Amino acid sequence: MRYSIILGARRDVHTKLKRPQRFPVSVAMMEIIELTEENKALYLVCLEDWSEEMKEAGNRKSVWFERMSSMGLRVKLAKADDGRIGGMIQYLPIEHSNALGQDSYFILCIWVHGHKEGRGNFQKKGMGKALLKAAEEDAKSLGAKSMTAWGLTIPVWMKASWFKKQGYEVADKNGVALLMWKPFVEGARPPKWIKEKKRPGTIPGKVSVTVFSNGWCQVINIVAERAKRAAEELGEKVVYSEMDTTDRAVLREWGISDALFIDAKEVRTGPPPSYEKIKKKIAKRVKKLR
Ligand SMILES: CC(C)(COP(=O)(O)OP(=O)(O)OC[C@H]1O[C@@H](n2cnc3c(N)ncnc32)[C@H](O)[C@@H]1OP(=O)(O)O)[C@@H](O)C(=O)NCCC(=O)NCCS
(Lines give C-alpha, C1' and ligand atoms only; values in the text may rest on other atoms or scores of the structure.)
Protein backbone atom coordinates (compact mmCIF):
# COMPACT_ATOMS: atom_id res chain seq x y z
CA MET A 1 0.00 0.00 0.00
CA ARG A 2 1.87 2.99 -1.27
CA TYR A 3 -0.62 5.72 -1.94
CA SER A 4 -0.71 6.41 1.74
CA ILE A 5 2.81 7.76 1.72
CA ILE A 6 2.31 9.65 -1.49
CA LEU A 7 -0.65 11.49 -0.13
CA GLY A 8 1.08 12.20 3.10
CA ALA A 9 3.47 14.57 1.57
CA ARG A 10 1.19 16.17 -0.97
CA ARG A 11 0.13 18.79 1.49
CA ASP A 12 3.66 20.18 1.49
CA VAL A 13 3.58 20.44 -2.25
CA HIS A 14 0.43 22.45 -2.22
CA THR A 15 1.58 24.94 0.33
CA LYS A 16 3.88 26.27 -2.40
CA LEU A 17 0.84 27.76 -4.06
CA LYS A 18 0.08 30.72 -1.91
CA ARG A 19 -3.42 32.08 -2.25
CA PRO A 20 -4.68 34.94 -0.16
CA GLN A 21 -8.24 33.69 0.39
CA ARG A 22 -9.02 32.89 4.00
CA PHE A 23 -12.53 32.44 5.23
CA PRO A 24 -13.76 31.93 8.74
CA VAL A 25 -15.23 28.45 8.85
CA SER A 26 -18.36 27.65 10.75
CA VAL A 27 -19.60 24.09 10.92
CA ALA A 28 -21.98 24.30 13.85
CA MET A 29 -24.87 23.24 11.61
CA MET A 30 -22.78 21.07 9.33
CA GLU A 31 -24.58 18.65 7.09
CA ILE A 32 -23.48 15.39 5.43
CA ILE A 33 -24.80 15.26 1.89
CA GLU A 34 -24.72 12.92 -1.08
CA LEU A 35 -22.59 13.68 -4.10
CA THR A 36 -24.56 15.74 -6.63
CA GLU A 37 -23.85 16.73 -10.22
CA GLU A 38 -23.24 20.23 -8.90
CA ASN A 39 -20.46 19.05 -6.58
CA LYS A 40 -18.96 16.35 -8.75
CA ALA A 41 -16.18 18.46 -10.30
CA LEU A 42 -15.08 19.58 -6.85
CA TYR A 43 -15.04 16.02 -5.53
CA LEU A 44 -13.02 14.87 -8.53
CA VAL A 45 -10.22 17.29 -7.58
CA CYS A 46 -10.40 16.32 -3.90
CA LEU A 47 -11.95 19.71 -3.02
CA GLU A 48 -8.77 21.41 -4.26
CA ASP A 49 -10.21 23.46 -7.08
CA TRP A 50 -7.57 26.07 -6.28
CA SER A 51 -4.67 23.77 -7.11
CA GLU A 52 -2.85 24.04 -10.43
CA GLU A 53 -1.14 20.73 -9.75
CA MET A 54 -4.49 18.91 -9.60
CA LYS A 55 -5.10 19.83 -13.22
CA GLU A 56 -2.09 17.74 -14.21
CA ALA A 57 -3.99 14.58 -13.26
CA GLY A 58 -6.15 14.98 -16.39
CA ASN A 59 -9.41 13.06 -16.53
CA ARG A 60 -8.14 9.89 -14.89
CA LYS A 61 -10.24 10.21 -11.76
CA SER A 62 -13.30 10.99 -13.80
CA VAL A 63 -12.83 7.83 -15.88
CA TRP A 64 -12.31 5.82 -12.69
CA PHE A 65 -15.41 7.39 -11.12
CA GLU A 66 -17.66 6.46 -14.04
CA ARG A 67 -16.40 2.89 -13.90
CA MET A 68 -16.62 2.45 -10.14
CA SER A 69 -20.01 4.12 -9.79
CA SER A 70 -21.54 0.98 -11.26
CA MET A 71 -19.46 -1.14 -8.89
CA GLY A 72 -20.82 0.28 -5.67
CA LEU A 73 -18.65 3.36 -5.11
CA ARG A 74 -20.16 5.65 -2.47
CA VAL A 75 -19.26 9.29 -1.85
CA LYS A 76 -20.42 11.65 0.85
CA LEU A 77 -19.58 15.29 1.37
CA ALA A 78 -19.62 17.54 4.41
CA LYS A 79 -21.24 20.93 3.95
CA ALA A 80 -20.54 23.84 6.30
CA ASP A 81 -23.16 26.35 7.48
CA ASP A 82 -22.47 28.69 4.59
CA GLY A 83 -22.87 25.94 2.00
CA ARG A 84 -19.18 25.41 1.35
CA ILE A 85 -18.08 21.80 0.98
CA GLY A 86 -15.30 21.10 3.47
CA GLY A 87 -14.91 17.32 3.55
CA MET A 88 -15.38 14.11 1.60
CA ILE A 89 -15.31 10.38 2.11
CA GLN A 90 -15.20 7.74 -0.62
CA TYR A 91 -15.69 4.04 -0.02
CA LEU A 92 -16.58 0.96 -1.99
CA PRO A 93 -17.26 -2.76 -1.56
CA ILE A 94 -14.03 -4.35 -0.35
CA GLU A 95 -14.01 -6.67 -3.38
CA HIS A 96 -13.01 -3.65 -5.49
CA SER A 97 -10.27 -2.43 -3.16
CA ASN A 98 -6.71 -3.63 -2.64
CA ALA A 99 -7.68 -5.66 0.38
CA LEU A 100 -9.33 -9.04 0.68
CA GLY A 101 -12.51 -9.35 2.67
CA GLN A 102 -16.21 -10.04 2.69
CA ASP A 103 -19.32 -8.04 3.47
CA SER A 104 -17.28 -4.95 4.14
CA TYR A 105 -16.89 -1.48 2.67
CA PHE A 106 -13.37 -0.12 2.21
CA ILE A 107 -12.64 3.56 2.79
CA LEU A 108 -10.35 4.76 0.02
CA CYS A 109 -9.95 8.09 1.71
CA ILE A 110 -11.49 10.55 4.07
CA TRP A 111 -10.38 14.12 3.64
CA VAL A 112 -11.36 17.27 5.44
CA HIS A 113 -9.88 20.20 3.55
CA GLY A 114 -7.04 21.49 5.67
CA HIS A 115 -5.26 23.94 3.41
CA LYS A 116 -5.42 27.68 3.89
CA GLU A 117 -5.78 28.01 0.15
CA GLY A 118 -9.10 27.90 -1.64
CA ARG A 119 -12.01 27.04 0.60
CA GLY A 120 -9.88 27.18 3.76
CA ASN A 121 -9.23 24.90 6.70
CA PHE A 122 -12.23 22.89 7.93
CA GLN A 123 -10.30 20.43 10.08
CA LYS A 124 -10.88 19.66 13.75
CA LYS A 125 -14.45 20.92 13.72
CA GLY A 126 -16.20 17.58 13.65
CA MET A 127 -16.47 17.01 9.89
CA GLY A 128 -14.21 13.96 9.83
CA LYS A 129 -16.12 12.21 12.57
CA ALA A 130 -19.47 13.05 10.98
CA LEU A 131 -18.36 11.79 7.56
CA LEU A 132 -17.09 8.52 9.01
CA LYS A 133 -20.27 7.97 11.00
CA ALA A 134 -22.45 8.66 7.95
CA ALA A 135 -20.40 6.22 5.84
CA GLU A 136 -20.65 3.52 8.52
CA GLU A 137 -24.42 3.96 8.78
CA ASP A 138 -24.71 3.82 5.02
CA ALA A 139 -22.60 0.65 4.84
CA LYS A 140 -24.72 -0.97 7.54
CA SER A 141 -27.89 -0.10 5.68
CA LEU A 142 -26.42 -1.77 2.59
CA GLY A 143 -25.91 -4.97 4.58
CA ALA A 144 -22.19 -4.65 5.37
CA LYS A 145 -20.94 -6.53 8.41
CA SER A 146 -17.94 -4.28 8.87
CA MET A 147 -16.10 -1.17 7.71
CA THR A 148 -12.46 -1.30 6.61
CA ALA A 149 -9.96 1.53 6.29
CA TRP A 150 -6.24 1.92 5.84
CA GLY A 151 -4.03 3.96 8.08
CA LEU A 152 -0.35 4.63 8.58
CA THR A 153 1.72 4.06 11.69
CA ILE A 154 3.80 7.12 10.76
CA PRO A 155 2.32 10.56 11.41
CA VAL A 156 1.59 11.72 7.88
CA TRP A 157 -1.61 11.17 5.96
CA MET A 158 -4.31 8.73 7.03
CA LYS A 159 -3.10 8.13 10.53
CA ALA A 160 -4.04 4.71 11.82
CA SER A 161 -4.30 6.27 15.27
CA TRP A 162 -7.20 8.43 14.08
CA PHE A 163 -9.20 5.36 13.10
CA LYS A 164 -8.26 3.67 16.39
CA LYS A 165 -9.76 6.64 18.19
CA GLN A 166 -12.93 6.09 16.15
CA GLY A 167 -13.24 2.49 17.34
CA TYR A 168 -11.25 0.67 14.64
CA GLU A 169 -8.89 -2.21 15.36
CA VAL A 170 -5.88 -3.52 13.45
CA ALA A 171 -6.78 -6.40 11.11
CA ASP A 172 -3.55 -6.67 9.11
CA LYS A 173 -0.20 -4.98 8.57
CA ASN A 174 1.95 -4.28 5.52
CA GLY A 175 5.00 -2.27 6.56
CA VAL A 176 3.76 1.06 7.85
CA ALA A 177 0.29 0.54 6.37
CA LEU A 178 -2.26 -0.91 8.75
CA LEU A 179 -5.57 -2.33 7.69
CA MET A 180 -8.08 -0.96 10.19
CA TRP A 181 -11.39 -2.62 10.76
CA LYS A 182 -14.64 -2.08 12.63
CA PRO A 183 -17.00 -5.06 12.83
CA PHE A 184 -20.69 -4.23 13.07
CA VAL A 185 -21.90 -7.74 13.94
CA GLU A 186 -20.71 -10.87 15.74
CA GLY A 187 -18.89 -13.24 13.42
CA ALA A 188 -17.78 -10.61 10.87
CA ARG A 189 -14.54 -11.74 9.25
CA PRO A 190 -11.46 -9.46 9.35
CA PRO A 191 -9.94 -8.26 6.06
CA LYS A 192 -6.38 -8.85 4.84
CA TRP A 193 -4.02 -6.88 2.65
CA ILE A 194 -3.21 -8.00 -0.86
CA LYS A 195 0.59 -7.93 -0.65
CA GLU A 196 3.27 -7.33 -3.27
CA LYS A 197 3.94 -10.44 -5.38
CA LYS A 198 6.42 -9.24 -7.99
CA ARG A 199 8.03 -6.15 -9.47
CA PRO A 200 8.59 -5.06 -13.06
CA GLY A 201 11.85 -6.35 -14.55
CA THR A 202 14.24 -4.83 -17.08
CA ILE A 203 13.97 -4.89 -20.88
CA PRO A 204 17.26 -5.52 -22.73
CA GLY A 205 18.42 -2.39 -24.55
CA LYS A 206 15.59 -0.27 -23.19
CA VAL A 207 14.56 1.57 -20.07
CA SER A 208 11.21 0.49 -18.76
CA VAL A 209 8.92 2.92 -16.98
CA THR A 210 5.96 1.30 -15.25
CA VAL A 211 3.14 3.01 -13.43
CA PHE A 212 0.65 1.12 -11.28
CA SER A 213 -2.44 3.26 -11.16
CA ASN A 214 -5.54 2.79 -9.04
CA GLY A 215 -7.39 5.69 -10.63
CA TRP A 216 -8.91 7.11 -7.46
CA CYS A 217 -5.83 8.77 -6.03
CA GLN A 218 -4.99 12.07 -7.68
CA VAL A 219 -1.38 11.87 -6.56
CA ILE A 220 -0.67 8.73 -8.54
CA ASN A 221 -2.74 10.16 -11.39
CA ILE A 222 -0.43 13.19 -11.48
CA VAL A 223 2.64 10.94 -11.33
CA ALA A 224 1.30 8.77 -14.16
CA GLU A 225 0.73 11.77 -16.42
CA ARG A 226 4.20 13.15 -15.73
CA ALA A 227 5.95 9.80 -16.20
CA LYS A 228 4.10 9.12 -19.44
CA ARG A 229 5.00 12.52 -20.85
CA ALA A 230 8.65 12.17 -19.82
CA ALA A 231 8.89 8.67 -21.33
CA GLU A 232 7.40 9.87 -24.61
CA GLU A 233 9.79 12.80 -24.80
CA LEU A 234 12.81 10.58 -24.26
CA GLY A 235 11.99 8.54 -27.32
CA GLU A 236 12.20 4.96 -28.43
CA LYS A 237 14.74 3.83 -25.85
CA VAL A 238 12.05 4.14 -23.21
CA VAL A 239 9.15 1.72 -22.89
CA TYR A 240 6.24 3.10 -20.89
CA SER A 241 3.60 0.80 -19.51
CA GLU A 242 0.73 1.25 -17.17
CA MET A 243 -0.97 -1.29 -14.94
CA ASP A 244 -4.61 -0.54 -14.25
CA THR A 245 -4.98 -1.87 -10.73
CA THR A 246 -8.71 -1.27 -10.66
CA ASP A 247 -8.63 -4.50 -12.63
CA ARG A 248 -8.64 -7.09 -9.89
CA ALA A 249 -6.72 -9.63 -11.96
CA VAL A 250 -3.89 -7.13 -12.46
CA LEU A 251 -3.91 -6.24 -8.79
CA ARG A 252 -3.82 -9.90 -7.73
CA GLU A 253 -1.02 -10.65 -10.17
CA TRP A 254 1.30 -7.91 -8.91
CA GLY A 255 -0.01 -7.10 -5.46
CA ILE A 256 0.80 -3.43 -6.08
CA SER A 257 -1.92 -0.82 -6.03
CA ASP A 258 -0.04 2.32 -7.02
CA ALA A 259 3.62 2.96 -7.71
CA LEU A 260 6.20 4.20 -10.21
CA PHE A 261 9.08 1.98 -11.30
CA ILE A 262 12.00 2.89 -13.54
CA ASP A 263 13.32 -0.51 -14.57
CA ALA A 264 13.09 -2.58 -11.39
CA LYS A 265 13.62 0.38 -9.08
CA GLU A 266 10.70 1.98 -7.32
CA VAL A 267 10.65 5.78 -7.31
CA ARG A 268 9.21 7.44 -4.24
CA THR A 269 6.03 9.20 -5.23
CA GLY A 270 5.37 11.17 -2.06
CA PRO A 271 5.39 14.07 -2.60
CA PRO A 272 4.78 13.53 -6.33
CA PRO A 273 8.14 14.08 -8.02
CA SER A 274 8.13 16.93 -10.52
CA TYR A 275 8.02 16.26 -14.25
CA GLU A 276 11.66 17.41 -14.49
CA LYS A 277 12.78 15.06 -11.74
CA ILE A 278 11.07 12.05 -13.31
CA LYS A 279 12.51 12.88 -16.72
CA LYS A 280 16.00 13.27 -15.25
CA LYS A 281 15.80 9.87 -13.55
CA ILE A 282 14.70 8.15 -16.75
CA ALA A 283 17.33 10.01 -18.83
CA LYS A 284 20.03 8.85 -16.43
CA ARG A 285 19.08 5.24 -17.08
CA VAL A 286 18.94 5.84 -20.84
CA LYS A 287 22.53 7.18 -20.73
CA LYS A 288 23.66 3.97 -19.09
CA LEU A 289 22.33 1.84 -21.96
CA ARG A 290 25.04 0.57 -24.25
C1 LIG B 1 -8.18 13.04 9.99
C2 LIG B 1 -9.34 13.88 9.52
C3 LIG B 1 -10.22 13.13 8.52
C4 LIG B 1 -10.17 14.25 10.74
O5 LIG B 1 -11.21 15.10 10.35
P6 LIG B 1 -11.50 16.41 11.23
O7 LIG B 1 -12.76 17.01 10.75
O8 LIG B 1 -10.28 17.25 11.18
O9 LIG B 1 -11.64 15.77 12.66
P10 LIG B 1 -12.83 15.92 13.69
O11 LIG B 1 -13.02 17.36 14.03
O12 LIG B 1 -14.02 15.19 13.21
O13 LIG B 1 -12.18 15.22 14.93
C14 LIG B 1 -12.44 13.92 15.30
C15 LIG B 1 -11.42 13.54 16.33
O16 LIG B 1 -10.16 13.37 15.71
C17 LIG B 1 -9.17 14.17 16.32
N18 LIG B 1 -8.29 14.62 15.27
C19 LIG B 1 -8.57 15.49 14.27
N20 LIG B 1 -7.50 15.62 13.48
C21 LIG B 1 -6.53 14.83 13.98
C22 LIG B 1 -5.21 14.55 13.60
N23 LIG B 1 -4.65 15.13 12.54
N24 LIG B 1 -4.53 13.68 14.34
C25 LIG B 1 -5.08 13.07 15.41
N26 LIG B 1 -6.33 13.33 15.83
C27 LIG B 1 -7.04 14.18 15.12
C28 LIG B 1 -9.94 15.30 16.95
O29 LIG B 1 -9.20 15.84 18.03
C30 LIG B 1 -11.20 14.60 17.42
O31 LIG B 1 -10.96 13.91 18.63
P32 LIG B 1 -12.13 13.73 19.73
O33 LIG B 1 -13.12 12.80 19.12
O34 LIG B 1 -11.42 13.16 20.89
O35 LIG B 1 -12.67 15.10 19.95
C36 LIG B 1 -8.85 15.19 8.86
O37 LIG B 1 -8.09 15.90 9.78
C38 LIG B 1 -8.05 14.98 7.61
O39 LIG B 1 -8.60 14.97 6.52
N40 LIG B 1 -6.74 14.83 7.75
C41 LIG B 1 -5.87 14.67 6.64
C42 LIG B 1 -6.21 13.47 5.84
C43 LIG B 1 -6.15 12.23 6.60
O44 LIG B 1 -5.20 11.97 7.28
N45 LIG B 1 -7.18 11.44 6.37
C46 LIG B 1 -7.26 10.15 6.93
C47 LIG B 1 -7.84 10.06 8.27
S48 LIG B 1 -6.84 9.15 9.37
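Whatever order the structure lists ligands and atoms in, that order sets their numbers, starting from 1. Just the heavy atoms: all of them, side chains too, but no hydrogens, waters or symmetry mates, feed the values below. None of the values given here were measured: they were computed from a predicted structure.
In W162, the part holding a heavy atom less than 4.0 Å from any atom of ligand 1 is the side chain.
Among pairs with a residue in residues 157-180, those fulfilling salt bridge (Lys or Arg N to Asp or Glu O under 4.0 Å) read D172-K195, at least two apart in sequence or across chains.
The closest approach between a heavy atom of Q166 and any atom of ligand 1 is below 4.0 Å. In this structure, G151 has no heavy atom closer than 4.0 Å to ligand 1.
Applying the salt bridge (Lys or Arg N to Asp or Glu O under 4.0 Å) criterion to K40, with sequence neighbours excluded, gives E37, E66.
Cation-pi geometry between R229 and Y275 is satisfied (NZ or CZ under 6.0 Å from the ring centre, within 45° of the ring normal). In this structure, K61 forms no cation-pi arrangement with W216, as its terminal cationic atom is not both closer than 6.0 Å to the ring centre and no more than 45° off the ring axis.
In summary, the aromatic rings of F212 and W254 are positioned with their centroids under 6.0 Å apart.
Below 30°, between 30° and 60°, or above 60°: for H113 and H115 the angle between ring planes is above 60°, a perpendicular geometry.
Taking only nitrogen or oxygen atoms, main chain and side chain alike, A130 does not reach within less than 3.5 Å of ligand 1. Looking at K129 next to ligand 1, an N or O pair under 3.5 Å apart turns up. Residue F122 has no N or O atom closer than 3.5 Å to an N or O atom of ligand 1.
For the pair K76 and E31, the salt-bridge criterion is not met [side-chain N within less than 4.0 Å of a carboxylate O].
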Exercise. Before giving the answer on side-chain hydrogen bond (donor to acceptor under 3.5 Å, both in side chains), spell out for Y43 and Q90 the whole-Å C-alpha distance, their side-chain angles and the decisive distance to 0.1 Å.
Key: CA-CA 10 Å; Y43 153 72; Q90 45 184 1; 2.5 Å; yes
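Every atom of ligand 1 is numbered from 1 in the order shown, and the set under 4.0 Å from a heavy atom of G128 is 5 (O), 6 (P), 7 (O), 12 (O). Per-residue contacts place K125 under 4.0 angstrom from the following atoms of ligand 1 (heavy atoms of the residue considered): 11 (O). Applying the 4.0 Å criterion to heavy atoms of W111 picks out, from ligand 1, the atoms 39 (O), 41 (C), 42 (C).
When K133, K165, K159 are checked for heavy-atom proximity to atom 28 (C) of ligand 1, K165 turns out nearest. Within the set M88, M127, K124, the minimum heavy-atom distance to atom 6 (P) of ligand 1 is found for K124.
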